[in-house]
Amino acid sequence: MDPVTGLSLGRIAIGVGSIASPTLTARLFGLSPANNPQLGYFARMFGVREIALGGLTLLAKGDARRTMVLAGVAVDGADAATGAIGIARKEIPLLAGVMLIGAALGAAGSGGAALAADRGQ
């Protein structure tokens, strides 16, 4: 499986999990649904976004595929920045913020590596 396909399928899996069980997904990232009853709503919105990015990237070919991966890298970078802001403003626990930032930077790095691998082919 090529790296872009793997990244896309990972996005879809995370999205499905976020929609199917937003409470579990939030807890896995160290967030407290009990302290924020609206968290499920935002987790499902996040899930839809991840499924859309993953699905559209899987369907794209050529330059459109590269553009979709770049869009994913940009979104993941913004997610990492949002985690840093959340920590700085004490809106989220430190451990949760670190986990969210790590996941976002990992996804952005995977997208960058996939682009580099695609360019080499």
Side-chain angles (χ1 to χ4, degrees):
M1 175 182 327
D2 72 275
V4 173
T5 298
L7 182 61
S8 299
L9 293 174
R11 280 192 186 284
I12 292 168
I14 288 168
V16 168
S18 294
I19 291 169
S21 185
T23 299
L24 176 61
T25 302
R27 286 188 184 135
L28 289 173
F29 283 105
L31 301 173
S32 174
N35 292 335
N36 184 356
Q38 296 84 17
L39 195 58
Y41 172 76
F42 282 97
R44 287 187 293 275
M45 282 190 352
F46 166 79
V48 169
R49 178 193 82 179
E50 290 301 299
I51 292 169
L53 278 171
L56 290 171
T57 303
L58 281 177
L59 294 173
K61 303 288 183 224
D63 288 342
R65 178 176 159 121
R66 179 174 176 75
T67 299
M68 287 304 306
V69 174
L70 285 170
V73 169
V75 165
D76 295 329
D79 287 347
T82 300
I85 291 167
I87 291 171
R89 292 183 178 172
K90 300 188 183 328
E91 296 169 340
I92 55 175
L94 178 62
L95 179 58
V98 169
M99 290 170 51
L100 292 165
I101 292 168
L105 291 177
S110 295
L115 288 172
D118 251 8
R119 189 174 290 207
Q121 293 178 1

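Throughout, numbering of the chain's residues begins at 1 and tracks the sequence.
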Do you reckon [X] sits in the same ILVMFWY cluster as [Y], going by side-chain contacts under 4.5 Å, direct or chained?
X: Val98; Y: Ile92; value: yes
X: Met1; Y: Val69; value: no
X: Phe29; Y: Leu94; value: yes
X: Leu39; Y: Ile87; value: yes
X: Leu105; Y: Leu100; value: yes

* To do: Scan side-chain atoms only and decide if Thr5 and Asp2 contain a donor-acceptor pair under the 3.5 Å cut-off.
  =>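 Distance-only check passes for Thr5 and Asp2.
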Do you know which two heavy atoms are closest between [X] and [Y], and how far apart they sit?
X: Arg27; Y: Pro33; answer: CG-CD, 4.0 Å
X: Lys61; Y: Leu58; answer: NZ-O, 4.2 Å
X: Val73; Y: Ala108; answer: CG2-O, 3.8 Å
X: Arg44; Y: Ser18; answer: CG-O, 3.8 Å
X: Ala60; Y: Met68; answer: CB-CG, 4.2 Å
X: Gly30; Y: Met99; answer: N-CE, 4.2 Å

* Inter-residue atom distance Ile85.CD1 - Ile101.CD1, 0.5 Å rounding ->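 Reported value, rounded in 0.5 Å steps: 9.5 Å.
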* To do: Hey, could you give me the CG/OG1 distance between Leu31 and Thr25, rounded to the nearest 0.5 Å?
  =>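 That separation rounds to 10.0 Å.
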* For Ile19 and Ile51, what are the C-alpha separation, side-chain angles and deciding distance, and is it a side-chain contact (heavy atoms from CB on, under 4.5 Å)? -> CA-CA 10 Å; Ile19 291 169; Ile51 292 169; 3.5 Å; yes
* Is there side-chain contact between Phe42 and Asn36, with at least one heavy-atom pair below 4.5 Å? ->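 Sidechains of Asn36 and Phe42: no contact.
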* To do: Begin with the C-alpha distance, continue with both residues' side-chain angles, and end with the deciding distance and a verdict on side-chain contact (heavy atoms from CB on, under 4.5 Å) for Arg11 and Asp76.
  => CA-CA 11 Å; Arg11 280 192 186 284; Asp76 295 329; 2.5 Å; yes
* Asked: What's the verdict on side-chain contact (heavy atoms from CB on, under 4.5 Å) for Arg65 and Val4, showing C-alpha distance, side-chain angles and the deciding distance?
  -> CA-CA 9 Å; Arg65 178 176 159 121; Val4 173; 2.8 Å; yes
